[in-house]
2 protein chains.
Amino acid sequence: MAPDEKRSLGRRRDKQPAPSPVAADSSEDELERSWLQQLVGYHLRMAHLALYRDFAAAVADYDLTQKQLAALELIATNPGASQVDIAQALSMDRATMMSMVKRLLSRGLIERRASKIDRRRHEIRLSPEGVSTLERVHGIIDHHEDSFLAVLSGEERAQLITLLRRLYERRSA
Amino acid sequence: MAPDEKRSLGRRRDKQPAPSPVAADSSEDELERSWLQQLVGYHLRMAHLALYRDFAAAVADYDLTQKQLAALELIATNPGASQVDIAQALSMDRATMMSMVKRLLSRGLIERRASKIDRRRHEIRLSPEGVSTLERVHGIIDHHEDSFLAVLSGEERAQLITLLRRLYERRSA
DNA sequence: ATCAAATAGTATGCAAGACATACGATTTTA
DNA sequence: TAAAATCGTATGTCTTGCATACTATTTGAT
């Protein structure tokens, strides 16, 4: 077999936050992480990472990142929006948006043309290929979400979304 | 300011009769994002990004990332653990861990020495400077978490953590 | 006991995202 | 009309994530 086999996202057993200093042994694969456990940021990062890996595997054939998908989706539902419109909606800065736009353009997923009313702006929209790609990806993502979220009930899922939204929306009003 | 003619906001899509409770608050410069709104992945990413920015600002003086802090914390509570031990606990691969270890070493936050029982391993532990740094950072992070999570009650916070953990723990073999 | 497989650390290289800074073209507004 | 704000753009840096591959060491199966 290949010496370097990765993709082993599943070797974690359930564990109680039992305080047991593991010391310099570490033959067990469970480490003590007491303080971290109470940080929402820690769990948020771990959960996002896990979900993102699942996401990436699901859309591997299309080579899309979460961010790119979000951008494409926003562009699809808001044809003619400018780069900053999309960037703001996704909380990313112009520079980061720029590199993504270039990438998406070079892959032929989006098109761009100068706005007639404001010549500073470039209106972005999906290319025909972008449209069909997005269409196919929708089904894949829906399935990925369903399977990844299977451990939660519909109600819990909705609750999770509500809690997450409260964390990043607001801070404005 | 920006009288900018909002490009068509609520353009209807063919699919999805839209019973979605989504556009409840979309007012002025809001872009339509119907489909995205139902994806946990989307909200997870947005929430994590928002929290991470707050985190980064909070520890700006110490120049630490979430991941680095988690690693340091794990090293602190599990002195003598090897690189892979830490890597596995944080779901990162050896190569990524390697670059982080090098960074942390060059900053003098951790120390390393060969294991006597298994000469392939290098035991990692905090340096005195790492200890004092971590000590000071703890307070800062606690405060950052408290203020960022202020929009949630204690119970909601606990619930959020529970839900997140269920998303990434399990998946055991 | 021996040889093959697994493990730990290491080195490279690449893609992406995030952020900072700066500049030109084009509005907006004061 | 001049100053300020916007938008797109270009650079460059840092961190993470991941693939590959190589060495040294330990383990395990025969």
Side-chain angles (χ1 to χ4, degrees), chain A residues 1-9 11 26-27 29 45-46 48-50 52-53 55-57 60 63-71 81-88 90-107 112-124, chain B residues 1-5 29 45-46 48-57 59-60 63-71 81-88 90-107 112-124:
Chain A
M1 280 104 287
D4 269 330
E5 267 298 320
K6 27 76 219 43
R7 194 89 312 164
S8 56
L9 295 182
R11 39 53 187 111
S26 74
S27 45
D29 59 349
R45 196 176 61 74
M46 294 296 279
H48 175 247
L49 184 59
Y52 183 58
R53 280 175 174 146
F55 174 98
D63 197 36
L64 286 174
T65 66
Q66 265 192 315
K67 187 141 244 167
Q68 288 169 350
L69 174 65
S82 71
Q83 293 183 191
V84 284
D85 290 334
I86 306 297
Q88 288 182 339
L90 296 178
S91 306
M92 51 200 292
D93 69 309
R94 303 211 306 292
T96 305
M97 186 67 203
M98 192 61 235
S99 64
M100 181 187 276
V101 163
K102 279 199 291 191
R103 230 170 293 135
L104 261 23
L105 274 175
S106 75
R107 289 174 59 181
R112 203 170 42 169
R113 70 160 194 223
S115 164
K116 297 202 196 300
I117 22 183
D118 185 337
R119 272 144 60 207
R120 289 171 306 182
R121 307 189 150 230
H122 284 181
E123 299 180 344
I124 306 178
Chain B
M1 302 281 71
D4 43 42
E5 38 71 47
D29 54 352
R45 195 176 61 74
M46 294 296 279
H48 175 248
L49 184 59
L51 184 143
Y52 183 57
R53 280 179 174 141
D54 196 70
F55 174 99
V59 296
D63 197 36
L64 286 175
T65 66
Q66 264 191 316
K67 187 140 245 169
Q68 289 169 349
L69 173 65
S82 71
Q83 292 182 192
V84 284
D85 290 335
I86 306 297
Q88 288 183 339
L90 296 178
S91 305
M92 52 199 293
D93 70 310
R94 303 209 307 293
T96 305
M97 186 67 203
M98 192 62 235
S99 64
M100 181 187 276
V101 163
K102 279 199 291 191
R103 230 171 294 134
L104 261 24
L105 273 174
S106 75
R107 289 173 60 180
R112 203 170 41 168
R113 71 163 191 220
S115 165
K116 297 201 196 303
I117 22 182
D118 184 338
R119 273 145 60 209
R120 291 171 303 182
R121 305 187 153 236
H122 284 181
E123 299 179 345
I124 306 178

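Residue numbering restarts at 1 for every chain, and letters A, B, ... go by the order of the sequence lines. The shown structure was predicted, so the numbers you read here are calculated from the model rather than taken from an experiment.
- Distances shown here put a side-chain N or O of Arg121(B) below 4.0 Å from the OP1 or OP2 atom of dA8(C).
- Residues that satisfy the side chain to side chain donor-acceptor pair (under 3.5 Å) test with Arg120(B), not counting sequence neighbours, are Asp118(B).
- With a cut-off of 3.5 Å on both pairing distances, the Watson-Crick and G-U wobble pairs of DNA chain C assemble into stems of 3 or more at C:1-30 with D:1-30.
- Side-chain contact between Leu64(A) and Arg107(A) is present, with at least one heavy-atom pair separated by less than 4.5 Å.
- No side-chain heavy atom of Arg45(A) sits less than 4.5 Å from a side-chain heavy atom of Thr65(B).
- Counting heavy atoms from C-beta outward, Asp85(A) and Arg121(A) have side chains that approach closer than 4.5 Å.
- Here the nucleotide nearest the side chain of Arg120(A), chosen from dA8(C), dA5(D), dG8(D), is dA5(D).
- Listed by chain and number, the residues in a side-chain contact (heavy atoms from CB on, under 4.5 Å) with Val84(B) are Ser82(B), Arg94(B) (sequence neighbours excluded).
- In this structure, the CD1 atom of Ile86(B) is 18 Å from the P atom of dT7(C), given to the nearest Å.
- For Leu104(A), the side-chain contact (heavy atoms from CB on, under 4.5 Å) partners are Gln68(A), Leu72(A), Met100(A), Leu109(A), Ile110(A), not counting sequence neighbours.
- Rounded to whole Å, the distance from CD on Gln83(A) to P on dA10(D) is 10 Å.
- Scored by the side-chain contact (heavy atoms from CB on, under 4.5 Å) test, Ala87(A) finds Met92(A), Met97(A) as partners (sequence neighbours excluded).
- Atom-to-atom, CG of Asp85(A) to P of dT6(D) comes out at 13 Å; the value is rounded to the nearest Å.
- Residues forming a side-chain contact (heavy atoms from CB on, under 4.5 Å) with Leu69(B) (at least two apart in sequence, or on another chain): Trp35(A), Phe55(B), Leu134(B), Val137(B), Ile141(B).
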Atom pairs, N/O to N/O, protein against nucleotides 11-14 of chain C, distance under 3.5 Å?
none

List every contact pair, protein side and nucleotides 2-4 of chain C side both N or O, where the distance is under 3.5 Å.
none

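- Legend: residues meeting side chain to side chain donor-acceptor pair (under 3.5 Å) with Arg113(A), ordered by chain and number and at least two apart, are Glu123(A).
- Between the CE atom of Met97(A) and the P atom of dC19(C) there is a distance of 15 Å, rounded to whole Å.
- With hydrogens and angles ignored, no donor-acceptor pair closer than 3.5 Å exists between the side chain of Arg119(B) and the base of dT25(D).
- Separating the NE2 atom of His122(A) from the C1' atom of dT26(C) is a distance of 11 Å, rounded to the nearest angstrom.
- Residues Lys67(B) and Leu90(B) approach most closely at NZ-O, 4.1 Å, considering heavy atoms.
- Between the CG atom of Leu105(B) and the NE2 atom of His122(B) there is a distance of 10.5 Å, given to the nearest 0.5 Å.
- Atoms CG (Leu51(B)) and P (dA18(C)) sit 14 Å apart, rounded to a whole Å.
- Atoms CE and CD, from Met46(B) and Gln66(A) in turn, are 11.0 Å apart once rounded to the nearest 0.5 Å.
- Each of Ile124(B) and Arg94(A) has a nearest nucleotide on DNA chain C; the 5'-most of these lies closest to Ile124(B).
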Where do N or O atoms of nucleotides 15-17 of chain D meet protein N or O atoms at under 3.5 Å, pair by pair?
| unit_1 | atom_1 | unit_2 | atom_2 | d |
| --- | --- | --- | --- | --- |
| dT16(D) | OP1 | Thr65(B) | OG1 | 2.3 |
| dT16(D) | OP2 | Arg103(B) | NH1 | 2.2 |
| dG17(D) | OP1 | Lys67(B) | NZ | 2.9 |
| dG17(D) | OP2 | Lys67(B) | NZ | 2.5 |

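- Taking each heavy atom of Leu49(A) and Ser91(B) in turn, the nearest pair found is CD2-O, 3.9 Å.
- For Arg103(B), the side chain to side chain donor-acceptor pair (under 3.5 Å) partners two or more places apart in sequence, or in a different chain, are Ser99(B).
- The side chain of Arg113(A) places no N or O atom within less than 4.0 Å of a non-bridging phosphate oxygen (OP1 or OP2) of dG8(D).
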